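Encoded as structure tokens, the structure appears first; notes follow it.
Everything quoted here is computed from the prediction, not taken from an experiment. Below, each value reflects all heavy atoms present in this structure, side chains not excepted, and no hydrogens, waters or symmetry copies.
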Amino acid sequence: QVRLVESGGGLVQPGGSLRLSCAASGSFFSINTMGWYRQAPGKQRELVAATISGGSTNYADSVKGRFTISRENAKSTVYLQMNSLKPEDTAVYYCRADVRLRTWSGANPYWGQGTQVTVSS
């Protein structure tokens, strides 16, 4: 029904930048919140940044001032611009979208497959 496809991960040196993209496809009525989470080895998945359809954003304290989340509603796509990357940003990054399938339905979460981000010299 709904598919989220992420792209843009990879290997980057400390201080470098990467841009992640996540596009939603399928049959649905609307998307409420779209966001990025990450999970490092041995750690729990954590919120990195999120944006609701009205435009407000929320960031984890660890990425404030370095990461920027943005969204193109017409393309059902969310981006994460990551600057000044640190080794501790290394993780699998997952896209999440809270999707309403029909006008009468509530929003349910959908997840992407994840993309690896490795920050290392």
Side-chain angles (χ1 to χ4, degrees):
Q1 290 175 322
V2 178
R3 185 182 181 205
L4 301 181
V5 178
E6 300 137 335
S7 60
L11 173 65
V12 64
Q13 292 186 342
S17 298
L18 283 174
R19 188 189 194 212
L20 305 182
S21 300
C22 172
S25 62
S27 176
F28 52 87
F29 171 68
S30 67
I31 301 176
N32 294 352
T33 302
M34 296 189 82
W36 291 94
Y37 289 70
R38 67 186 180 188
Q39 187 166 19
K43 295 187 177 181
Q44 289 188 331
R45 190 173 297 189
E46 62 175 0
L47 173 69
V48 177
T51 176
I52 66 172
S53 59
S56 63
T57 58
N58 183 37
Y59 294 93
D61 288 343
S62 60
V63 306
K64 283 181 181 177
R66 299 188 298 121
F67 291 10
T68 303
I69 190 170
S70 60
R71 180 171 171 172
E72 283 191 76
N73 289 326
K75 295 183 179 181
S76 300
T77 299
V78 64
Y79 306 96
L80 186 67
Q81 178 65 43
M82 305 185 293
N83 298 329
S84 303
L85 282 160
K86 304 175 181 180
E88 51 263 42
D89 294 317
T90 296
V92 178
Y93 284 69
Y94 296 91
C95 173
R96 168 179 163 159
D98 294 337
V99 181
R100 294 177 63 192
L101 295 180
R102 301 292 180 263
T103 58
W104 59 84
S105 62
N108 292 307
Y110 290 83
W111 293 89
Q113 79 284 358
T115 185
Q116 178 70 45
V117 171
T118 302
V119 184
S120 175
S121 55

What pairs with R96 under salt bridge (Lys or Arg N to Asp or Glu O under 4.0 Å), at least two apart in sequence or on another chain? D98

Residues clustered with Y37, ILVMFWY side-chain links under 4.5 angstrom: L47, V92, Y94, W111

If the condition is salt bridge (Lys or Arg N to Asp or Glu O under 4.0 Å), which residues does K64 pass it with, not counting sequence neighbours? D61

Within a 6.0 Å radius of atom CD on E88, are there more than 12 heavy atoms belonging to other residues, nucleotides or ligands? yes

Not counting sequence neighbours, which residues clear salt bridge (Lys or Arg N to Asp or Glu O under 4.0 Å) with K86? List them please. none

Under a single-linkage rule joining Ile, Leu, Val, Met, Phe, Trp and Tyr whose side-chain heavy atoms are separated by less than 4.5 Å, which residues share a cluster with V99? V2, L4, V12, L18, L20, F28, I31, M34, W36, V48, Y59, V63, F67, I69, V78, L80, M82, L85, Y93, L101, Y110, V117, V119

Check for a donor-acceptor pair, side chain of E6 on one end and backbone N or O of Q113 on the other, with a separation under 3.5 Å. yes

Pairs where residues 28-61 contributes a residue and the test disulfide (SG to SG under 2.5 Å) is met, not counting sequence neighbours: none

side-chain hydrogen bond (donor to acceptor under 3.5 Å, both in side chains) involving D89 - partner list, sequence neighbours excluded: R38, R66

Scan residues 10-58 for pairs that pass disulfide (SG to SG under 2.5 Å), counting only residues two or more places apart or in two chains. C22-C95

Among residues at least two apart in sequence or on other chains, which ones pass side-chain contact (heavy atoms from CB on, under 4.5 Å) with S17? Q81, N83

Quick one: list whatever passes side-chain contact (heavy atoms from CB on, under 4.5 Å) with S120, sequence neighbours left out. L11, T118

Pairs touching residues 49-93 that satisfy disulfide (SG to SG under 2.5 Å), sequence neighbours left out: none

Within the side chain of T33, is there an N or O that forms a donor-acceptor pair under 3.5 Å with the backbone of T51? no

For S25, side-chain contact (heavy atoms from CB on, under 4.5 Å) partners two or more places apart: R3

